> 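Dumping the structure here so I can ask a few things about it.
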Amino acid sequence: MSDSLLSGLNPEQLEAVTLPHQSALILAGAGSGKTRVLTTRIAWLIQSGRARPLNLLAVTFTNKAAREMLTRITSMLPINPRGMWIGTFHGLCNRLLRAHYRDAGLPQSFQILDSADQLSAVKRLMKRLNIDDEKFPARQLLYFINGNKDAGLRASRIEASDDISRRMTEFYSAYDEQCNREGVVDFAELLLRSYELLASNASLRDHYRNRFSHILVDEFQDTSSLQYQWLKLLAGRDSAVFAVGDDDQSIYAFRGANVSNMQSFERDFAIGKVIKLEQNYRSHGAILDAANALISQNRGRLGKNLWTAEGRGEPLRLYQAASDFEEARFIVDEIQNLRRDGVGLSDIALVYRSNAQSRVLEHALFNAALPYRVYGGLRFFERQEIKHALAYLRLIANPDDDNALLRVINFPPRGIGARSLEQLNDAAAAGKVSLWQAAARESGIGNIGGRGSGIGSRGCGKVNKGLAAFVGLIEGMRSACAGLPLPEIIDHVIETSGLKTHYQNDREGADRLENLGELVNAATSFVREAGDVEDMLSSFLAHASLEAGEHQAGAGADALQLMTVHSAKGLEFHTVFISGLEEGLFPHENSALEPAGLEEERRLMYVALTRARRRLYLSFAQSRMLHGQTRYSYESRFLREIPEELMQKLLAPALSFNSGRFRSGRETSGSFALPGQSRMRAALSQPTAGSQWNIGQNVVHPKFGAGVIVNAEGRGSDARVQVSFYDAGVKWLALEYARLSAA
DNA sequence: CTAGCTGCTGTTTTT
DNA sequence: CAGCAGCTAG
């Protein structure tokens, strides 16, 4: 039995799977069988009687990964792994807080704010506190709050040294008060609250420590400081923590991931020996060599070198395009060739650094009638009509949820406008109550008999009729839904809220109606799978927040896969196209300035390269439409970090740029003189006409080094040029002062 | 109160 | 280019 479970594992994988009861760190390279090791370890622990499902906690970063883990385990083991806690950090924390809501100081039906909800909560509070959004942009306050929560810091523990951080800390504190009043928690709060729950409640902590003798963590390099502290708290002296990760694939530092958790883990958990999984079962040799060469440029790595038993395979294919448009055309041509050679479309991925880049690719694919699927769009539970329906449901579960109330109090339109809302807001602020309570009070429902003597009762005018109707609507829904099964509740809400009628009357409402129907279906399957849950409505609402749903329909079809490098992590394809390999785009200009940012970009590139099994295309465009204007750039420095002998340079079919001169940007004006280019630039080169400077010209600046002129404006003493520097980014320079010289 | 217009500002992403 | 916030006209 055990043999079949373990057969086919290589020695390192086998060692990891069958480690004795101790904490361990598995450094698992891309394509080295990481998920297999993790799931086989769990199956082995259970099958060999070393642990019962009840004793296991496994944490992943995405719901998808959690689902996959569960599927694999159930396919390996005949038993039902119920009792196991498998999920994301947020999902597990939610489970903990629901079970112990009283100890955590939360109302039983607390609701979860997703990031969009959180942003609107922040904006709402800013209005209420009269905070100048010029001085404190909502985003900045949001980052401040989330950053501190991710670091485990409450407002009361922040030591503000300057005025700005003092005011942000005050805001943070007010924000938390608002959330508590409304009975809602944001994503970061789920973690912090459950951390505090475990930290302050020794008997609870001991209970879980005794229970979870094995804790397994996937994608450990992506854990935040708070998540790591949470793990440390949950792991008792006798718990074994099995952490699997790859420091080279850490690409989420920008949202709080802390790679140094890996080193801390080695120290804190006294890890004697790190097991390295370095055999790659995915890619051909040339692809791996390229990835290894690139990532070796990063400093402070834990150290690891992927190898494969497969042959070298094809070289990488490099293409220089004159424009993004032409780059897309090249990709389409190659795809058509691949298709002729029998490569399935769904086994081909087009990956890029940022979502905006998909547009030009989509356009070309559409014209070529090639089916494709873009990942990363709006997801099911994030759709407007779904959010509206969910908001009504949230009000049934918890009427104090001001976010939910504001979303639907006038949707569909029922005559409650800005003025009424302002009054309501003032009343709520004055009484320190939720908008709902203020509305109930104003409309007379909150204090029956207190409607006054009729005449002269201030604030009971026309406006409040609308409020009263709304309060009545929600109250009516709540009583009508009591005791109903979840799908019927949702059906009832869609009907009585007026959402159905509204979208029926909307010419473009057909899709939205269909999605609302789909919401009822989603609820039906949720009820079927959830089994025996106490508060089905709240569970479903939490599910909707924590798992935003599949990106888009049409997953099964044979279509090209378009996605950002971030969303490509964990996937593999026969052929991968990485496009837009330009300085400023990949590496992104906002990250390239500081070394840490550049290294993260390089890891991102490493992730992109290692997605390919057999064929890898790298391409860049010399000009690209960005934010509505044409932008000129150099090829990405990452291309220079891949050994030349691994790459085959492809020539443009119709154009004759300097073949074999891909690295010529600094020395010559190269292909900036292409006919197509000068036509596009004709209007822009006018301002500098007659001067010694021209667009496309290579220049040297004493401080910023080499660059190329990409734009120009003004004349005489006002003349300014925009220069894209090789190392220093894109800058506007006044010709009168900048000591530019021609290169 | 709502609809339509103008002006501004833009990474990456999961939960 | 495009999505959103804020303003103005009906």
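Model, not experiment: these values are computed from the prediction. Just so it is clear: chains get the letters A, B, ... in the order the sequence lines come, proteins before strands, and each one is counted from 1.
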> In whole Å, I'd like the distance from the CG atom of A:D222 to the P atom of B:dT12.
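Taking CG of A:D222 and P of B:dT12, I get 18 Å after rounding.
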> A:F577 and ring pair (Phe, Tyr, Trp, His ring centres under 6.0 Å): which partner among A:Y617, A:Y372, A:F620?
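The passing option is A:Y617.
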> Calculate the interatomic distance between A:K569 atom NZ and B:dT15 atom P; express it in whole Å.
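From A:K569 NZ to B:dT15 P: 12 Å.
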> Phosphate oxygens OP1/OP2 of B:dT15: is one of them under 4.0 Å from a side-chain N or O of A:R379?
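For A:R379, the contact criterion (side-chain N or O under 4.0 Å from OP1 or OP2 of B:dT15) is met.
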> Roughly, in whole Å, what's the span from NE2 in A:H588 to P in B:dT13?
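About 11 Å, once rounded to whole Å.
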> Side-chain N or O of A:T564 less than 4.0 angstrom from OP1 or OP2 on B:dT13?
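Yes, because at least one side-chain N or O of A:T564 sits under 4.0 Å from OP1 or OP2 of B:dT13.
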> With a 4.0 Å cut-off on heavy atoms, is A:E601 in touch with a base, just the backbone sugar-phosphate, or nothing at all?
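Counting heavy atoms under 4.0 Å across all strands, the contact made by A:E601 includes a base.
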> Check the chi torsion on B:dT12 and let me know: syn if it falls within 90° of 0, anti if not.
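What B:dT12 shows is an anti base, its glycosidic angle lying more than 90° from 0.
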> Give a yes or no on whether the ring-centroid distance for A:F61 and A:H90 is below 6.0 angstrom.
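Distance test on ring centres: not under 6.0 Å, no.
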> Would the base of B:dT15 count as contacting A:S115 through its side chain, where contact means a donor and an acceptor less than 3.5 Å apart?
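Under the 3.5 Å cut-off, the side chain and the base do form a donor-acceptor pair.
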> Not counting sequence neighbours, which residues clear ring pair (Phe, Tyr, Trp, His ring centres under 6.0 Å) with A:H502? List them please.
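Result, ring pair (Phe, Tyr, Trp, His ring centres under 6.0 Å) vs A:H502: A:F411.
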> For A:W230 and B:dT15, give me the distance from atom CH2 to atom C1', rounded to whole Å.
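Spelled out: CH2 on A:W230 to C1' on B:dT15 is 14 Å.
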> What salt bridge (charged side-chain N to carboxylate O under 4.0 Å, His left out) pairs are there with at least one residue in residues 352-367 of chain A, not counting sequence neighbours?
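Listed by first then second residue: A:R353-A:E601.
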> Is the distance from OP1 or OP2 of B:dT12 to the nearest side-chain N or O of A:N590 less than 4.0 Å?
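So the side chain of A:N590 is outside the cut-off, no N or O lying under 4.0 Å from OP1 or OP2 of B:dT12.
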> Whether A:S420 contacts B:dC1 is assessed here as follows: a side-chain N or O lying under 4.0 Å from the phosphate OP1 or OP2. Is that the case?
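It does, given that an N or O in the side chain of A:S420 lies less than 4.0 Å from OP1 or OP2 of B:dC1.
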> Can you tell me if A:N355 touches the phosphate of B:dT13, counting only side-chain N or O atoms and a distance under 4.0 Å to OP1 or OP2?
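So the side-chain polar atoms of A:N355 do come within 4.0 Å of the phosphate oxygens OP1 or OP2 of B:dT13, strictly under.
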> Could you state the OH-C1' distance from A:Y252 to B:dT11, rounded to the nearest angstrom?
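Whole-Å distance recorded here is 13 Å.
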> Side chains of A:Y375 and A:Q561: is there a donor and an acceptor less than 3.5 Å apart?
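Checked: A:Y375/A:Q561 side chains pair up, N/O donor to acceptor below 3.5 Å.
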> A:F254 side chain: which of B:dG10, B:dT12, B:dT15 is closest?
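Among the listed nucleotides, the one closest to the side chain of A:F254 is B:dT12.
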> Is it true that A:Y503 and A:H388 have ring centroids separated by less than 6.0 Å?
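No; A:H388 has its ring centre 6.0 Å or more from that of A:Y503.
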> Can you check each nucleotide of nucleotides 2-8 of chain C against protein heavy atoms at under 4.0 Å and return B for base, S for sugar-phosphate only, - for none, in 5' to 3' order?
S--SS--
> Categorize A:N63 for me: base, sugar-phosphate, or nothing, with a 4.0 angstrom heavy-atom threshold over every strand shown.
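Sugar-phosphate, no base atom in range.
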> For A:N515 and A:E385, does a side-chain donor sit closer than 3.5 Å to a side-chain acceptor?
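Yes, A:E385 and A:N515 have a side-chain donor paired with an acceptor closer than 3.5 Å.
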> Under the side-chain hydrogen bond (donor to acceptor under 3.5 Å, both in side chains) rule, collect the residues that match up with A:D176, sequence neighbours excluded.
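If we apply the side-chain hydrogen bond (donor to acceptor under 3.5 Å, both in side chains) test to A:D176, skipping adjacent residues, the hits are A:K149, A:R154.
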> Round to a whole Å and report the spacing from OH of A:Y352 to P of B:dT13.
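In whole Å, B:dT13 P and A:Y352 OH are 9 Å from each other.
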> Tell me: CD of A:E589 to P of B:dT12, nearest whole Å?
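Rounded to the whole Å, the gap is 12 Å.
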> Between A:E589 and A:R631, is there a salt bridge with N-O shorter than 4.0 Å?
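Yes, A:R631 and A:E589 are salt-bridged.
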> Please check if any side-chain donor atom of A:Y175 sits under 3.5 Å from a side-chain acceptor atom of A:D186, or the reverse.
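Yes, because at least one side-chain N or O of A:Y175 sits under 3.5 Å from a partner of the opposite role on A:D186.
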> So which nucleotide from B:dT11, B:dT15, B:dT13 ends up closest to the side chain of A:H566?
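Between B:dT11, B:dT15, B:dT13, the one nearest the side chain of A:H566 would be B:dT13.
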> How many Å lie between CG on A:L585 and P on B:dT11, as a whole number?
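Atom CG in A:L585 sits about 12 Å away from atom P in B:dT11.
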> A:R139 or A:F187: which one's nearest nucleotide on DNA chain B is closer to the 5' end?
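Closest to the 5' end, via its nearest nucleotide, is A:R139.
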> Give a yes or no on whether a donor-acceptor pair under 3.5 Å exists between the nucleobase atoms of B:dT11, that is its base, and the side chain of A:R353.
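Answer is no: no donor-acceptor pair is held.
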> What pairs with A:Y352 under ring pair (Phe, Tyr, Trp, His ring centres under 6.0 Å), at least two apart in sequence or on another chain?
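Counting only residues at least two positions away or on another chain, A:Y352 forms no ring pair (Phe, Tyr, Trp, His ring centres under 6.0 Å).
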> What N/O pairs connect the protein and nucleotides 2-8 of chain B at under 3.5 Å? Give each pair on its own line.
residue	atom	partner	partner atom	Å
B:dT2	OP1	A:N410	ND2	3.2
B:dT2	OP2	A:N410	ND2	3.3

